[in-house]
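This report refers to the structure that appears directly beneath it.
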Amino acid sequence: QVQLVESGGGLVQPGGSLRLSCVASGSIFSINIMGWFRQAPGKERELVATITSDGATKYADSMKGRFTISRDNAKNTVYLQMNSLNPEDTAVYYCYSFIRSDSVRPFGNYWGQGTQVTVSS
C-alpha cells in the first residue's frame with residue numbers, strides 16, 4: 001500500500017520561505033511523475049509544479065521564479081522550495097505521485113493528506 005506523507009508546512013510572514021517535503025513509502029516498484037497541488041479556501045485545486053523521473057519540471061505561471069521543485073529518487077522524496085511567499089499562497093498543499101506499485105500492475109495516481117501553508121503578517 002503506497003503512502004505519501006507531506007511535511008514542512010506552517011505559518012510564515014509575507015516574503016518568507018518554506019520548504020515542503022513528501023516521502024513515498026510502501027509498495028513501490030517505480031515512480032514516474034511527482035508533484036504538488038494546492039487548494040485555497042473557496043478555490044479549486046490547482047497545479048503547483050511537477051517533476052518527471054528524469055528531472056523535467058513544470059510550474060504554474062504564478063509560481064515561476066518563486067518556487068522550485070526537486071526530487072531524490074533514491075529516497076522516493078519530492079521537495080518544494082517556496083520563496084517570496086505572499087498571502088495568496090495560503091492553501092493546503094498536496095503531494096502527488098504517479099507510481100507503479102509492483103512489476104505486474106500499471107501506474108496509478110496517489111495523493112498525500114496535505115500540509116497547511118499560511119502566509120500572514
Side-chain angles (χ1 to χ4, degrees):
Q1 189 68 217
V2 175
Q3 296 185 58
L4 302 179
V5 180
E6 304 100 331
S7 63
L11 175 65
V12 64
Q13 294 185 348
S17 299
L18 284 174
R19 183 176 176 84
L20 307 182
S21 63
C22 172
V23 180
S25 63
S27 180
I28 299 174
F29 180 76
S30 180
I31 299 178
N32 191 318
I33 299 172
M34 301 188 79
W36 295 89
F37 289 73
R38 71 183 186 185
Q39 187 165 20
K43 296 185 178 181
E44 297 180 350
R45 181 183 293 182
E46 64 176 339
L47 172 70
V48 175
T50 60
I51 183 168
T52 67
S53 59
D54 63 355
T57 59
K58 291 185 177 180
Y59 298 90
D61 289 341
S62 64
M63 272 69 87
K64 285 186 175 180
R66 300 189 299 121
F67 292 6
T68 302
I69 188 170
S70 61
R71 65 188 289 174
D72 185 333
N73 292 332
K75 297 180 179 180
N76 293 330
T77 301
V78 62
Y79 305 93
L80 184 69
Q81 178 66 47
M82 304 185 293
N83 299 324
S84 301
L85 288 164
N86 57 64
E88 289 70 37
D89 295 316
T90 296
V92 176
Y93 285 71
Y94 296 93
C95 179
Y96 161 81
S97 189
F98 192 51
I99 297 174
R100 191 174 188 178
S101 60
D102 58 44
S103 62
V104 297
R105 296 181 181 182
F107 284 90
N109 296 302
Y110 295 89
W111 295 88
Q113 294 286 349
T115 184
Q116 177 70 48
V117 172
T118 302
V119 185
S120 176
S121 60

* To do: Could you tell me how the ring of Tyr94 sits relative to the ring of Trp111: parallel (under 30°), tilted (30 to 60°) or perpendicular (over 60°)?
  => perpendicular

* Asked: Would a 4.5 Å heavy-atom cut-off, applied to side chains only, mark Ile99 and Leu4 as touching?
  -> yes

* Asked: Does any non-hydrogen side-chain atom of Ile31 lie less than 4.5 Å from one of Arg71?
  -> yes

* **Close side-chain approach of Glu46 to Arg38, heavy-atom, < 4.5 Å** => yes

* Asked: Do Leu18 and Tyr79 share a hydrophobic cluster, counting only Ile, Leu, Val, Met, Phe, Trp and Tyr and linking them when any side-chain heavy atoms are less than 4.5 Å apart?
  -> no

* **Ring geometry between Phe37 and Tyr96 (parallel below 30°, tilted from 30 to 60°, perpendicular above 60°)** => perpendicular

* What is the minimum heavy-atom distance between Val78 and Cys95, and which atoms define it? -> CG1-SG, 3.8 Å

* **Approximate separation, where rounding is to 0.5 Å, of Ser120 OG and Asp89 CG** => 12.5 Å

* Whether over 12 other heavy atoms sit under 6.0 Å from Arg105 CZ -> no

* Does the pair Met82 and Val117 meet the rule for a side chain to side chain contact (heavy atoms under 4.5 Å, CB included), with working shown? -> CA-CA 10 Å; Met82 304 185 293; Val117 172; 3.9 Å; yes

* Distance (rounded to the nearest 0.5 Å) between Ser97 OG and Tyr110 OH -> 9.5 Å

* Asked: Does one side chain, of Ser101 or Ser27, offer a donor that lies under 3.5 Å from an acceptor on the other?
  -> no

* Can you check side chain to side chain contact (heavy atoms under 4.5 Å, CB included) on Leu47 and Lys58, steps first, answer last? -> CA-CA 9 Å; Leu47 172 70; Lys58 291 185 177 180; 5.6 Å; no

* Structure fact -> To the nearest 0.5 Å, atom CD1 of Ile33 lies from atom CD1 of Ile51 at 10.5 Å

* Pairwise distance CG(Asp72) to CE(Met34) - rounded to 0.5 angstrom -> 10.0 Å

* **For the student: nearest non-hydrogen atoms of Ser84 and Arg66, plus distance** => O-NH1, 3.0 Å

* Structure fact -> CD1 (Ile69) and SG (Cys22) are apart, to the nearest 0.5 Å, by 9.5 Å

* Asked: Does a side chain donor of either Asn83 or Ser17 reach within less than 3.5 Å of an acceptor in the other side chain?
  -> yes

* To do: Begin with the C-alpha distance, continue with both residues' side-chain angles, and end with the deciding distance and a verdict on side chain to side chain contact (heavy atoms under 4.5 Å, CB included) for Gln116 and Thr90.
  => CA-CA 8 Å; Gln116 177 70 48; Thr90 296; 4.0 Å; yes

* **Inter-residue atom distance Trp36.CH2 - Tyr59.OH, 0.5 Å rounding** => 13.0 Å

* Does Glu6 reach the side chain of Leu20, with side-chain heavy atoms less than 4.5 Å apart? -> no

